Amino acid sequence: MNLPLPSLIALSVALLSPLTSHAADEGMAAAGRQLFNHHCTACHSLDTSQNAFGPSLVGVLGRPAASVPRFAYSKAMQASGLSWNEDNLRKWISDNEALVPGTRMRHVSITDKAEQDYLISFLRTL
Ligand code: HEC
């Protein structure tokens with residue numbers, strides 16, 4: 001078997017703790033943390049008081065786009081009218097430039113549905 005690390009973590013948690021959806025959620029979030037470290041931390045800090053190159057993502061689930069104070073969002077993001085629900089986050093991480101043409105965020109393309117699930121469950125814990 002040659003699975004990427006986040007899948008392995010989620011898989012082993014799922015195998016070790018059958019039927020406890022709480023543990024499964026934690027496994028998903030742990031896998032998501034790995035993905036986040038790999039793809040997102042370069043620009044997004046997990047410290048609430050800090051905007052890095054990208055805005056803080058603490059509490060991002062459910063919040064309107066471009067709503068972090070003191071972060072210089074692109075005009076495109078400010079005008080997007082989006083709210084970060086699960087659906088929009090999925091679109092954003094699979095092809096952010098398609099969702100918000102003209103965004104300042106470098107292109108990311110996480111198209112694997114399971115990886116998207118892991119990342120979103122991690123973002124939910126922030
Ligand atoms: C190269 C730097 C960079 C990387 C890597 C990056 N981002 Fe971003 N991100 C940004 C910038 C810059 C913005 C602001 C975009 C704008 O204003 O157009 C942003 C905005 C966002 C927003 C909108 C936040 C808001 O307050 O409206 C979300 C959600 C987001 N990023 C998630 C992610 C996730 C998840 C990853 C990893 C898969 C990621 N980003 C990787 C730089 C980055």
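Small disclaimer: the values here were computed from a predicted structure and weren't measured. Each ligand, and each atom within it, is numbered from 1 in the order the structure gives. This chain uses plain numbering: 1 for the first residue, then up along the sequence.
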> Okay, side chain of Asn96, backbone of Arg106: is any donor-acceptor separation there less than 3.5 Å?
yes
> Measure from the side-chain N and O atoms of Asn85 to the backbone N and O of Gly62, and report whether any donor-acceptor pair falls under 3.5 Å.
no
> Regarding His22 and Glu26, is there a side-chain donor-to-acceptor distance under 3.5 Å anywhere?
yes
> Does any part of the side chain of Arg124, heavy atoms only, come nearer than 4.5 Å to the side chain of Val60, both counted from C-beta?
no
> Are the side chain of Gln116 and the backbone N or O of Ile110 linked by a donor-acceptor pair below 3.5 Å?
yes
> Taking side chain as C-beta onward, heavy atoms only, is Leu35 less than 4.5 Å from Phe122?
no
> Which pairs of nitrogen or oxygen atoms, taken one from ligand 1 and one from the protein, are under 3.5 angstrom apart?
residue: ligand 1; atom: 7 (N); partner: His44; partner atom: NE2; Å: 2.8
residue: ligand 1; atom: 9 (N); partner: His44; partner atom: NE2; Å: 2.9
residue: ligand 1; atom: 17 (O); partner: Ser74; partner atom: N; Å: 2.8
residue: ligand 1; atom: 17 (O); partner: Ser74; partner atom: OG; Å: 3.3
residue: ligand 1; atom: 18 (O); partner: Ser74; partner atom: OG; Å: 2.5
residue: ligand 1; atom: 18 (O); partner: Thr103; partner atom: OG1; Å: 2.7
residue: ligand 1; atom: 18 (O); partner: Arg104; partner atom: N; Å: 2.9
residue: ligand 1; atom: 26 (O); partner: Arg63; partner atom: NH2; Å: 2.9
residue: ligand 1; atom: 26 (O); partner: Tyr73; partner atom: OH; Å: 2.5
residue: ligand 1; atom: 27 (O); partner: Ala66; partner atom: N; Å: 2.8
residue: ligand 1; atom: 27 (O); partner: Trp84; partner atom: NE1; Å: 2.8
residue: ligand 1; atom: 31 (N); partner: His44; partner atom: NE2; Å: 2.9
residue: ligand 1; atom: 31 (N); partner: Trp92; partner atom: NE1; Å: 3.4
residue: ligand 1; atom: 40 (N); partner: His44; partner atom: NE2; Å: 2.8

